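Step one of this worksheet: look at the structure below.
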Amino acid sequence: MSDVRTRFCPSPTGMVHVGLLRTALFNWAHARHTGGTFVVRIEDTDAARDSEDSYRHLLDSLRWLGLEWDEGPEVGGPHGPYRQSQRHDVYREVAAKLVEAGHAYESFSTNEEVDARRRAAGQDPKLGYDNADRYLTDAQKAAFRDEGREPVLRLRMPDEDLAWTDLVRGEVRFAAGSVPDFVVVRANGVPLYPFVNPVDDALMGITDVLRGEDLLPSTPRQLALYAALQDVGVAGGPPRFGHLPYVTGEGNKKLSKRDPQSNVDVYRERGFVPEGFANYLALLGWSIAEDRDVFSMAEMAEAFDVTRVSANPARFDVRKAEAINATHVRQLPVEEFVDRVVPFLAGAGLVADPPTPEQDRVLRAIAPMAQERTVVLSDVVGLVGFLFTDEVAIDPAAAAKNLRPEDAEVLTAASAALEGLGEWTTAAIETALKEALVEGLGRKPRQAFGPVRVAVSGRTVSPPLYESIELLGRERTLTRLTAAREAAG
RNA sequence: GCCCCCAUCGUCUAGCGGUCCAGGACGCCGCCCUUUCAAGGCGGUAGCACGGGUUCGAACCCCGUUGGGGGCACCA
């Protein structure tokens, strides 16, 4: 086991974003590759937006993807608790140390006052806080308190350039003085994210911070905080940072929280398999080899190297995600495929869960043929649904194309051929239908089997016809052929 | 406005100074296979943003331009 410790620290607000999961995946892969430790911490300091539902949903999504954590909520560990809502005492204590050592100070300025001062000095108010309260005397502080003002705590930024070697971007540097003293604890005593995040990273011994590019501009503040923390004995050195590229949607805009495309649930519900989804997520900024893009989680862990993560933003491409997923679906052992598909069929009311013995027999028989036609698991509902119902719903477009008046003769001939068929097997059905329709009617295969396919399956696209007919059984097949002939007029 | 990041086919990427008239994948287009659709096989389409340097030699290094994105809270 190496001493690398990575962490994933989401805040439980709302839905689970695909970009968030990508970040989790890379932290996981980095920890696994290095033989280190993957920590999950919940940043629920914002009581107004956090919810227990979304907390559970977050953990569930991680587990679904296959990202087991070594320390964190529900599994524990030596640095708990792993939910910030339970760590207030820790923050209070650290803040006090920082004040005592002079790294943090009480600040009474209101935003309006800061603005006014900047304007008066002929500066752009957008420059932000002006560090004016750094050297307040006790008397001045007392006077502010007498006015009824409560101070925030700000961290004193050092007067030197802040630079680090980013794991994915190389050296990044912010000039001295470009970042104002920032608030670490609110006037009401609640500590803020830019404070608790590094404090917990320090306390939990995090060595490698892999996070979204949006956090890059806040890194100088973290570095300054780390230096202060180190000075008061709370932290060792700062961690390594690696800023992961954005995951974007259409038009290179950051995939917004409101965009349905960014919600993992929609992929789960459509029947993306975790192996496939994780594989695609990994491709967003990383590649395993020059000529390969399908791999397992184990292979990713084996090969992952943060240093080789791309710095450019990646567009989330559903088509490619589907293609990768389809490959993983096809690679599943058939029994596994059947197991995974049952909930979708049951959800559509087509089979019982667990399936009855008869349903199970049919499902297992059709599975190999359905599997290679499946992109996402929910596809099977449309693909094999006709086998599990007495009444097929005929797709109107399919009927218009293949159940025209001139097709009635096909249906009649097919019925006749199948009605007295001695042996109800795929081979016998094939022979009988070819004799009756191709030779008997002189139709081209396409013209001959199209109407039959629509009659029995309701669609122009289905698993192989003869196999389907065998599984459907003689009775239901004949009923459907008759019904379709009437419909064809 | 200030600060920061990014820049190879439509998209994701390989490329880490010569072996690149740039490789793979998705998509798209053909063909083969074929009872449909897939899968599979074969082939094709399409790219180093621009301008200066450095160098014997640049997609790769440096500078600038342009373009895109992000950050500038008592949110996370």
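Residue numbers begin at 1 in each chain, while the letters A, B, ... track the order of the sequences. These values consider heavy atoms only, across backbone and side chains, with no hydrogens, waters or symmetry-generated copies. What you are looking at is a predicted structure, and each value in this text was computed from that prediction instead of being measured.
In the model, A/Arg211 has a side-chain atom that pairs as donor or acceptor with a side-chain atom of A/Thr219 under 3.5 Å. Judged purely by distance below 3.5 Å, without hydrogens or angles, the side chains of A/Ser310 and A/Asn312 pair a donor atom with an acceptor atom. Side chains of A/Arg7 and A/Asn197: a donor on one and an acceptor on the other come within 3.5 Å. Of the N and O atoms on the side chains of A/Thr45 and A/His88, not one donor lies less than 3.5 Å from an acceptor on the other residue. When only modelled atom types and interatomic distance are considered, A/Asp133 and A/Tyr129 share a side-chain donor-acceptor pair under 3.5 Å.
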What is the per-nucleotide protein-contact pattern of nucleotides 1-11 of chain B, from the 5' end, where B denotes a base atom under 4.0 Å from a protein heavy atom, S denotes such proximity for sugar-phosphate atoms only, and - denotes neither?
-> B-SSBSSS--S
Going 5' to 3' along nucleotides 30-48 of chain B, which nucleotides have protein heavy atoms under 4.0 Å from the base (write B), which only from the sugar-phosphate (write S), and which from neither (write -)?
-> -----BBBBSS--------
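Counting to the nearest Å, the C1' atom of B/U19 and the CD atom of A/Glu290 are 13 Å from each other. At whole-Å resolution of the value, CG in A/Leu215 and C1' in B/G69 are 16 Å apart. A/Phe295 places its CZ atom 12 Å from the P atom of B/U13, with the value rounded to the nearest Å. Atom C1' of nucleotide B/G71 and atom CD of A/Gln222 are separated by 14 Å, given to the nearest angstrom. Atom pair A/Arg292:CZ and B/G15:P shows a separation of 15 Å (rounding to whole Å applied).
Using atom P as the reference point in both B/A49 and B/G68, the two lie 16 Å apart (nearest Å). The same atom, P, is picked in B/A25 and in B/G43; the two are 11 Å apart, to the nearest Å. On the C1' atoms, B/C16 is 13 Å away from B/A58, given to the nearest whole Å. Comparing the same atom, C1', in B/C9 and in B/G27 gives a spacing of 11 Å after rounding to whole Å. Nucleotides B/A76 and B/C37 are separated by 47 Å at their C1' atoms, to the nearest Å. B/C21 and B/C48 are spaced 15 Å apart, taking the P atom of each and rounding to whole Å. Of the C1' atoms belonging to B/A7 and B/G44, the separation is 28 Å, rounded to the nearest Å. B/C26 and B/G67 have their C1' atoms separated by 25 Å, with the value rounded to a whole Å.
At the phosphate of B/C28, OP1 or OP2 sits under 4.0 Å from a side-chain N or O atom of A/Arg319.
Nucleotide B/G1 forms a pair with B/C72, judged by Watson-Crick or G-U wobble geometry with both contacts under 3.5 Å. With a 3.5 Å ceiling on both atom-pair distances, B/U36 lacks any Watson-Crick or G-U wobble partner. Here B/C28 sits opposite B/G44 as a Watson-Crick or G-U wobble pair (both hydrogen-bonding atom distances under 3.5 Å). Under the Watson-Crick or G-U wobble criterion, with both distances below 3.5 Å, B/U19 is left unpaired in every strand shown. If you check B/C50 for Watson-Crick or wobble pairing at under 3.5 angstrom, you find it paired to B/G64.
For A/Arg340 and A/Phe337, the positive end is not near the middle of the six-membered ring at less than 6.0 Å and at most 45° from its axis. Cation-pi geometry between A/Arg41 and A/Tyr82 is not satisfied (NZ or CZ under 6.0 Å from the ring centre, within 45° of the ring normal).
In this structure, A/Asn279 contributes its side chain and A/Asp293 its backbone to a donor-acceptor pair below 3.5 Å.
For A/Asp208, the salt bridge (charged side-chain N to carboxylate O under 4.0 Å, His left out) partners are A/Arg240, not counting sequence neighbours.
Residue contacts shown for A/Leu433 are absent, as no nucleic acid heavy atom lies under 4.0 Å away. Residue A/Val152 is classed as a base contact, given a heavy-atom separation below 4.0 Å to a base.
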Step by step, work out the salt bridge (charged side-chain N to carboxylate O under 4.0 Å, His left out) result for A/Glu147 and A/Arg145.
-> CA-CA 5 Å; A/Glu147 288 174 32; A/Arg145 282 187 210 275; over 6 Å; no
